[in-house]
Amino acid sequence: MPKSRIRKKADYTPPPSSKQAANIKLTSRGWVAPVMLALFLIGLAWIVVFYVTDTRLPIEALGNWNIVVGFGFIAAGFGVSTQWK
């Protein structure tokens with residue numbers, strides 16, 4: 001049986017780039033973790049204080065909306081966490 005021919009494939013060479021790769025500068029985001037944790041803890045403390053004081057604190061006039069305020073702080077913490085690199 002005859003031997004098949006071996007085809008030599010050309011090595012891949014990427015097309016020449018007209019632009020150089022943009023340098024990505026990662027800025028320091030050391031503030032993100034402390035602010036994120038602070039917002040989480042403030043929100044948690046707000047809700048705990050609301051329940052422990054039998055709805056008299058932190059702001060009695062808000063009533064059950066104090067829960068929304070506490071979760072708002074927690075949601076803001078998650079919003080800040082998107083800046084973490």
Side-chain angles (χ1 to χ4, degrees):
M1 184 171 262
K3 202 173 191 182
S4 64
R5 291 186 215 164
I6 299 173
R7 292 186 231 157
K8 185 174 181 179
K9 293 183 180 179
D11 292 334
Y12 174 75
T13 55
S17 176
S18 61
K19 294 181 182 179
Q20 288 189 357
N23 290 337
I24 299 173
K25 183 179 179 184
L26 297 176
T27 58
S28 174
R29 300 204 184 235
W31 59 271
V32 173
V35 171
M36 176 183 66
L37 291 175
L39 287 171
F40 287 158
L41 292 175
I42 290 170
L44 179 64
W46 193 287
I47 294 170
V48 168
V49 167
F50 174 71
Y51 279 117
V52 169
T53 62
D54 199 28
T55 71
R56 286 189 298 266
L57 288 176
I59 302 174
E60 189 174 5
L62 289 178
N64 286 335
W65 283 97
N66 280 302
I67 298 170
V68 175
V69 173
F71 277 113
F73 278 113
I74 294 171
F78 280 113
V80 169
S81 72
T82 63
Q83 299 299 314
W84 197 350
K85 288 188 180 184

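As a basis for the values below, the full set of heavy atoms in this structure was taken, side chains included, without hydrogen atoms, waters or symmetry mates.
- How far CG of Leu41 is from CE of Met36: 10.0 Å, rounded to the nearest 0.5 Å.
- Residues meeting the side chain to side chain donor-acceptor pair (under 3.5 Å) test with Glu60, sequence neighbours left out: none.
- Side chains of Val80 and Leu39 form a contact here, defined as non-hydrogen atoms less than 4.5 Å apart.
- The ring pair (Phe, Tyr, Trp, His ring centres under 6.0 Å) analysis of residues 35-55, with sequence neighbours excluded, yields the pairs Phe40-Phe78, Trp46-Phe73.
- Atom CD1 of Ile47 is separated from atom CG of Asn66 by 9.5 Å, given to the nearest 0.5 angstrom.
- Through direct or indirect side-chain contacts shorter than 4.5 Å among Ile, Leu, Val, Met, Phe, Trp and Tyr, Leu44 is connected to Val48, Val52.
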